[in-house]
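Remarks on the structure that follows.
Each chain gets a letter, A, B and so on, in the order the sequences are listed, and its residues count up from 1.
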Amino acid sequence: MTPLFSVNNITKYYGSQIGCAGASFDIYPGEVLGIVGESGSGKSTLLNCISDQLSFDEGHIFFDMQDRGFCNLANLTEPERRMLSRTDMAFVHQNPRDGLRMTVSAGGNIGERLMNTGARHYGNIRTAAAEWMERVELAAGRIDDRPSTFSGGMQQRLQIARNLVTAPRLIFMDEPTGGLDVSVQAKLLDLLRGLVQQLGLAVVVVTHDLAVVRMLADRMMVMQKGHVVETGLADQVLDDPQHPYTQLLVSSVLQV
Amino acid sequence: MTTHSEIHDDLSFEDSYNFAYLDEQTKRMIRRALLKAVAIPGYQVPFASREMPMPYGWGTGGVQVTAACLVPDDCVKVIDQGADDTTNAVSIRSFFERTAGVATTEKTTDASLIQTRHRIPETPLTEDQILVYQVPIPEPLRFLEPRETETRKMHALTEYGLMHVKLYEDISQHGHIATSYAYPVKVDDRYIMDPSPIPKFDNPKMDDCPALQLFGAGREQRIYAIPPYSKVKSLDFDDYPFSQLRAPETCAICGADDSYLDEMIIDDDGGRMFVCSDTDFCASRQNEQGFEPAEVAS
């Protein structure tokens, strides 16, 4: 079985500073990879590099494309890469304001990816938007409201709907539960877990919240100062951390 | 010995300008942009827009394009919202009378070059004519995506889904596509273009038009063009097709039922009348019907 997405030795320098160095991993369909580490550990740099939002200095990224099989993303043309990033891939931002169009209604936000890929039938777009509102537990009656009238948790669910409407196979998430209160976080994680299982999504989720990894991820990577210091099954790493930094991280979690 | 003031007296005010105000190098630069614009229909070509003796928003782009196109035996017509007799039209017309010495006209059929603000004449244009539009904002995606770097990339890669998001919003809020002017079009199946703020009633006139259509945006420093007989399609949805819009009335003066109408408030009691926005079209219909030309109050 070939991986869906393969990252090989990604290195990014900011001048002489290391952003991230020599990160490698494979992801298979339906698998969730958590990347954890403290602020400045390079996890967001790595996520931006592999999601084609930041250029990197060394390394290769491969994706199992539907029409041409496993290929190096560097060999694609820019239109092909951009098309990929709005069809087979998706990016959920930490702040929904970065991922949503705040001046466009919820339905328009969800429909944008469809229209970007050629949908030109208003009725069909609207039906799809209403369906996805329901799937992420937003009232379909609010389809014509702007996201600025939504709460933080609702905005985040809308952002997820907007990204999933074109049925991507790989999703990048940057702190999807950041800035939400714990009960809303729990609901969102529940929703994400359900969607991941139903749709067989592969997910790369970057977070500093170990609870998110515990809930969502199958495997995890721990980063420190730009380097990957430990990888393994999520439960294994969390229950039996080997690297001193991971031990520190796990023992720092507040026990309520 | 002649004094400085005597030389100055010899030269009439008109003689002190180069033909059509702009210097030859500037006209050359604008013509190069125009040629590129014609070669790539709908593509916004950057050009080094000059300061003109009028404020931005009064047609500085259109005036520069007109100046670069004029030859001495041209006959110029200028319309503002369809009318030949409004401030903007009158002053631009006298500007070219003075700086280029060209003939001017109010008759669409007599003109070889028509500069327009926000209308296309009702009388069909011919192959011998050039229509120059004044454009305030050339970028149709501006209010959807504020980053120019991004919109250029969207044009380059034909990523135009966002334009339909705007139309989607229209339908979801108003039940129909409520955009009634500056209605986006796709030129030659490639570039999405802002037709300048003409009413969408005029959009079909751009399609397969025999005249050359040039667009100049002075403040934004962009020129674009539709070559004669190009395909110009107004954007729409399969289930919400494009439709023209005009007031469901007839012209109170000439009785036309197929022209674009202006609504005029005529008293303080809510009285109103609808008249053709194209003054030349309305006047020629009045002549055909044997009316005396309306007296102008002095």
Side-chain angles (χ1 to χ4, degrees), chain A residues 52-53 55 76-87 89-90 97-130 132-133 138 140-149 158 161-163 165-166, chain B residues 40 43 137 139-180 182-187 189-192 200 203 231-243:
Chain A
D52 195 28
Q53 302 190 57
S55 62
L76 299 184
T77 60
E78 188 176 10
E80 286 169 338
R81 278 209 308 277
R82 281 172 71 111
M83 185 51 100
L84 194 64
S85 70
R86 75 164 82 95
T87 51
M89 293 186 190
R97 282 164 191 278
D98 296 335
L100 292 171
R101 289 190 192 279
M102 300 306 283
T103 54
V104 167
S105 71
N109 264 295
I110 299 178
E112 181 177 343
R113 271 181 161 239
L114 294 172
M115 292 182 249
N116 269 331
T117 48
R120 293 291 179 265
H121 190 283
Y122 175 81
N124 296 350
I125 294 166
R126 201 162 168 83
T127 312
W132 269 102
M133 300 265 303
L138 292 168
R142 301 207 59 183
I143 189 166
D144 291 333
D145 291 349
R146 291 185 172 188
S148 47
T149 65
L158 180 62
R162 170 186 156 93
N163 276 294
V165 67
T166 49
Chain B
I40 317 174
Y43 172 72
I137 293 168
E139 178 52 72
L141 301 161
R142 171 71 50 88
F143 296 109
L144 302 159
E145 172 55 66
R147 289 168 295 177
E148 183 85 16
T149 48
E150 188 65 16
T151 55
R152 279 191 220 177
K153 201 168 263 183
M154 290 158 86
H155 282 295
L157 305 178
T158 346
E159 290 181 357
Y160 288 137
L162 196 52
M163 202 75 244
H164 274 83
V165 172
K166 179 183 187 305
L167 302 181
Y168 170 95
E169 289 291 284
D170 263 8
I171 302 174
S172 70
Q173 284 167 30
H174 305 285
H176 60 98
I177 299 180
T179 303
S180 59
Y183 192 103
V185 294
K186 192 166 217 175
V187 182
D189 292 322
R190 177 60 180 85
Y191 283 97
I192 282 189
K200 69 176 172 183
N203 270 23
K231 181 178 171 193
V232 179
K233 188 182 180 308
S234 304
L235 300 182
D236 58 5
F237 283 104
D238 296 345
D239 45 348
Y240 285 84
F242 170 81
S243 62

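For the set A:N124, A:I125, A:I143, A:N116, the entry with the most heavy-atom pairs within less than 4.5 Å of chain B is A:N116. Contacts with chain A were tallied for B:L157, B:V165, B:D239; B:D239 has the most, counting heavy-atom pairs under 4.5 Å.
Proximity to chain A among residues 141-149 of chain B is limited to B:L144, B:E145, judged by heavy-atom separations below 4.5 angstrom.
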Steps toward side-chain contact (heavy atoms from CB on, under 4.5 Å) verdict (B:Y183, B:I177): CA-CA 10 Å; B:Y183 192 103; B:I177 299 180; 3.5 Å; yes
Verdict with reasoning, B:K166 to B:M163, per side-chain contact (heavy atoms from CB on, under 4.5 Å): CA-CA 5 Å; B:K166 179 183 187 305; B:M163 202 75 244; 3.8 Å; yes
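Ring to ring, B:H176 and B:Y240 are not that close: their centroids are 6.0 angstrom or more apart.
Screening A:R162, A:R146, A:R101 against A:N109 for a side chain to side chain donor-acceptor pair (under 3.5 Å) leaves a single residue, A:R162.
A 4.5 Å side-chain heavy-atom check between B:K200 and B:F242 finds at least one atom pair inside the cut-off. Residues A:R126 and A:D144 have side chains in contact (heavy-atom distance under 4.5 Å, counting atoms from C-beta outward). Between A:R142 and A:T149 there is a side-chain heavy-atom pair separated by less than 4.5 Å.
The aromatic rings of B:F237 and A:Y122 lie perpendicular to each other, with more than 60° between the two planes, well past the 30° mark.
Only the side chain of A:R86 comes within less than 4.5 Å of a heavy atom in chain B; its backbone stays farther off. There is no contact between A:T77 and chain B, counting heavy-atom distances below 4.5 Å.
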